[in-house]
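Shown next, in C-alpha cells, is the structure this report addresses.
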Number of protein chains: 2
Amino acid sequence: MDAPRSSVTRSDPEAVDRAGWNRACLLPRELPRPRVNALSNTYATVTGLRPPVHEGMVGRLSTPTVYDVAERSGVSIATVSRVYRNPDSVRAQTRDKVLHAARELGYFPSGNARGLASRTTGVLGLCFPDYADPDAEADGADGDDSAVMLYSDQIIRGMERAARRHGYALLIAASLEGGPQTLVEQVAGRVDGFAVLARTIPTEDLEIISRRLPVVMLAGPREIDHLDHIEVANFDGERELTRHLIADHGLRRLAFVGGEIDSPDAEARFGGFRAACQEADLPVPDEPTIRASMMTQAEGARAAEALLDRGGAHPQGVLFANDQMAVGALHALESRGVRVPRDIAVTGFDGIPLSRIVRPALTTVRQPMRRLGEEAVDLLVRRLGDRSREPVSLMLPVSVTRRASCGCVGEARQL
Amino acid sequence: MDAPRSSVTRSDPEAVDRAGWNRACLLPRELPRPRVNALSNTYATVTGLRPPVHEGMVGRLSTPTVYDVAERSGVSIATVSRVYRNPDSVRAQTRDKVLHAARELGYFPSGNARGLASRTTGVLGLCFPDYADPDAEADGADGDDSAVMLYSDQIIRGMERAARRHGYALLIAASLEGGPQTLVEQVAGRVDGFAVLARTIPTEDLEIISRRLPVVMLAGPREIDHLDHIEVANFDGERELTRHLIADHGLRRLAFVGGEIDSPDAEARFGGFRAACQEADLPVPDEPTIRASMMTQAEGARAAEALLDRGGAHPQGVLFANDQMAVGALHALESRGVRVPRDIAVTGFDGIPLSRIVRPALTTVRQPMRRLGEEAVDLLVRRLGDRSREPVSLMLPVSVTRRASCGCVGEARQL
DNA sequence: GCGCTGCCTGTAAGCGCATACATCACCCTG
DNA sequence: CAGGGTGATGTATGCGCTTACAGGCAGCGC
C-alpha cells in the first residue's frame, strides 16, 4: 500500500506516521515540545476511535504547525517563522531545508495566529448597508444579473483592486439582521482598517472602533471629524442636472422626490436642486415634493403615482434622489400611460448599470464608485503608515449623464 | 476638564487612568494579571515620551481586552468571554455588569484571538483570477463603471449574500503578482472554507489546502475529485447557441474562436460547437478556428481581423468562447467596415453586463453567476457542518440570450 | 591570542480569547 | 443535617505564531 503522499487517509494511521505527523503518542519526540495541542491531533491513534469518515474521503489530518515544520527540518520554530516573515535573515541552506519540510507537510501559516502575534491582519474591510431590492432581484432572476449590480458592487471592485495593489485582501460584509453588533465583531476584529458606507454602523460604534483602527467613511457627511472621509459632489451634481432640465429642455414645473430624511446624500441632492431653482427664479421648495425610501423601485413607483394623483397639472420633470426610485417610476409611468420623456422628464442619481438598461435610458448623475473604493483604500493604507496624519476629507466629482429619459434623445453610441 | 468619554486623548494621561486603562505602571493592580502586554500599552505614561500626535487627533489608546473588561467589571476573563459566546450561561446581572464595562472601555473582541482559540473564523473566502482588462478599463474611465463589471463581480455578490444569510463574512482576493503563494497565505489562513475559480490556484496547492479546510471549485473541470465542485453547462450552452445560428439563421460557414488551450471552459464550449456542427452535418473542426486569450477585448479584435485576413470567403458567423473577446471583435469588425449581423453574425458566452450594452447587443449564453456564488456558499456551509459528506458536483444550467448580434433583431424590451 | 563584531539561530515570552475542569454557593431530598 | 445535584463563576492552559533577547561561532584587527 504505497499511497501517494497526497492521499494519506485517516483510516491508515501508519501513513500518518510516514508523513511524520504523528506526534500524539510519542510526545515528546526529539525536541521537547512545550505544547499539548498534539494530544488532540491525530485523534484516531489516541483514542482508538475514529470519526465517521466516509469511504474514500481524504482524511483531514491535523493542521501542521511551525512546530512540525521545525521538528522535521531540524531547526527552531523561530527560524521557521523567519523563513516566512523575513527570508533574508536566514541562511539560504537553512531556508531551503525549512521550505522543503513545509512543503512535505503541507504546512501553511495560520492567519489567526499570525494576526494575534503580530497585531496585523493584511486585510482591509468594507461594511455596507444591504441595498438589496427585491424588485430588481426579481427582474434579475429571469433576466440578467447585471440588473442587480448596485452601488456597493462597484465600490467593492474598486477596493479589491486597490487593496490588492497594496498587498491586502478585502473582507466585505453587509449589515446583518443581527444588528450592527455582529457586523462590528465580524469585521472590526479581523481587519487592519476598513471603509464604511454611510448609515451602516451607528456613529457611536464607529467612534469606538476608530479608536482602534483606521476607518474611512464613504458617501454621506463627515459624521466624525477625526476620520478620513470621502464623499461625492451630490449638491453640485444635482444642481447641474437641474440646470440642464431648466436651461436645455425649458422645463419649469419640476418635482423632486427625496429619500429618507436621514439620508444626507438625498438631502444634499435636494440642496442642489433648490440651488438651481433659485438661480432660475423658480419656486424654491423647502421640502422635497415627496419623500420615499431609496431602497426599492416599488417606492419610486409609488412616488410617481402619488405625483400623478395630486390633481392639478403634473410636473414637467421629476428628479429622483436616486436611480432605483427613478427606474421604479419609469415602470409606473408607463403603466399609467404617461410617456417619458414626452409627457414628463425623469432623472435619477448614481449611474447604476440598470439606469442604462431601462427604456427609456435614464438620465442620471454618475458617481465614480469604483474610484470611491480605490481612494478609500489609499486613505486607509496611508493612515496605517502614519496614524498621526491629518484626517482628510475628499470630495469626488460627479458627471451628468444625459440619456433619453430627460429628452436628450439618442444616447451617444457606446464603444 | 471634563472630557466626554469618547475623546480620551493620549496627551491626557489622567484621562487614561479615569478610563481605567492605565495598567502600565501599576501592574499588578487588583487581580494578578498573568500578562505583560500591558507594558507596551499606554506608552505615553511609561516612557514619558509620546508619539507624534497631531493636534486634535483623538489618541488611539491601547486596545482593551477581556482582561480589562474583567477587571473593570469585577469578574474573571472566562465570564467575559462567556458573555459574548454564550450569554445564557451567565447570570443576567453579571452579564449586564460586563457589557456595561465593555461599553465604557470600547471593548470589542479580537477576531484573531477568537479564531486562534476556537479554530474558526466566521469568514468564507473567494479566490479568483485577475480578469482585469485594460481595454474595458479604459472604456470605463470616461464612461461607465458597469462596463467593467465582470464575471467575478457577480459571483462575489452571490457569495456575499449567501454568506451573510449564514452568518459569515466574505474575504475576497484576486490572484496576486506575488504568485499563488501569497494568495494562499492571505486567504487560506483566514477563512473557514473558500471557493476558487478555476485556474486561480495550482491544483497541487489546492490539494494541500483542502486537507485543512473545505474548498469548492467553481467553473472548470473537477480537478480534484474529493472536492465539492460547481460548473456551468458550457457544452450544452454552446451547442444550443450553435444550433440557433444554424437552424434559425441558416448559417453554415461558422468559425469558433477558442481560448487558451488550458481553459477547460473554452474547450467545453468548443465541444458544444462541434456537437452542433456534427448534428447539422457541417464540417466538424478538430481545433478552434483561432485561439486567443480570453482576458482582453484586444485579443478578440485581433482574432476577428485574423479571420478577415485569411483569404477566401469569410465565415457567416463567428462564435467566441467568451463575451470579452466578442466585444473586442465587434469593435474590430466595425472599424473594418464589416456589418454585424448583416455581414457576419457574432456571439459570445458569459452574459456579462457589457454584452448588453454594446451595439449591436451581443447574443450570448448567460451563466447564472450569482447563483454560482450562492451555491458555492451553500456547499461550503454544508461541508462545514459535516466534513464527511459525499463530495458533490453540480452543473448549473445556462440560457441562450438572443440579441442583435446574431440577427435576432430587437432585443426584448427590458423592464 | 584575545576581545570584538556580525551573522545566524535558538529560547522564551507573550498576543487575546475559549474552554475543560475545578470550585463554590445554594437548594433539595430524605 | 448529610449527601448530592445544579448553576454560576474562576483557574489554568493552549491555540500557532512573532519577536526581543541571548547565545554561538567565525572572521577580524591589533
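Below, each value reflects all heavy atoms present in this structure, side chains not excepted, and no hydrogens, waters or symmetry copies. Every chain is numbered from 1, with letters handed out A, B, ... down the list of sequences.
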**Message:** Heavy atoms from C-beta onward define the side chain here; which of dG16(D), dT19(C), dT9(C) lies closest to that of T94(A)?
**Reply:** dT9(C)

**Request:** Would you classify T79(A) as touching base, sugar-phosphate or nothing, given that sugar-phosphate means primed atoms plus P, OP1 and OP2, and contacts are heavy atoms under 4.0 Å?
**Result:** sugar-phosphate

**Item:** R82(B) side chain, from C-beta outward: closest of dG16(D), dT19(C), dG10(D)
**Value:** dG10(D)

**Message:** Measure CD1/I77(A) against P/dA20(D) and give the value in whole Å, please.
**Reply:** 15 Å

**Prompt:** Under 4.0 angstrom, heavy atoms only, what part of the nucleic acid is V80(A) near: base, sugar-phosphate, or nothing?
**Reply:** nothing

**Asked** Between S118(A) and dT18(D), is there a side-chain N or O to OP1/OP2 distance below 4.0 Å?
**Response** no

**Asked** Between CG of L126(B) and CD1 of I172(B), what distance do you get to the nearest 0.5 Å?
**Response** 7.0 Å

**Asked** Considering only heavy atoms and no angle criterion, is a donor-acceptor pair shorter than 3.5 Å present between the side chain of R119(A) and the base of dG16(C)?
**Response** no

**Request:** For S110(B), report the nucleic acid contact type (base, sugar-phosphate, nothing); a contact means any heavy atom under 4.0 Å.
**Result:** sugar-phosphate

**Asked** Among R85(B), R95(B), K97(B), which residue meets the side chain to side chain contact (heavy atoms under 4.5 Å, CB included) test with V90(B)?
**Response** R95(B)

**Request:** Check whether any side-chain N or O of Y67(B) sits under 4.0 Å from OP1 or OP2 of dG14(C), and answer yes or no.
**Result:** no

**Prompt:** With respect to the phosphate group of dA8(D), does any side-chain polar atom (N or O) of R91(B) fall under 4.0 Å of OP1 or OP2?
**Reply:** no

**dC7(C) OP1/OP2 closer than 4.0 Å to side-chain N/O of S89(A)** = no

**Fill in**
V66(B) has its side chain closest, among dG16(C), dC17(D), dG16(D), to dG16(C)

**Message:** Please confirm whether the shortest side-chain N or O distance from S76(A) to OP1 or OP2 of dT11(C) is below 4.0 Å.
**Reply:** no

**Message:** What's the closest nucleotide to the side chain of V75(B) if the choices are dG10(D), dG16(C), dA12(C)?
**Reply:** dG10(D)

**Message:** On the nucleotide dT19(D), are OP1 or OP2 found under 4.0 Å from the side-chain N or O atoms that Y84(A) carries?
**Reply:** no

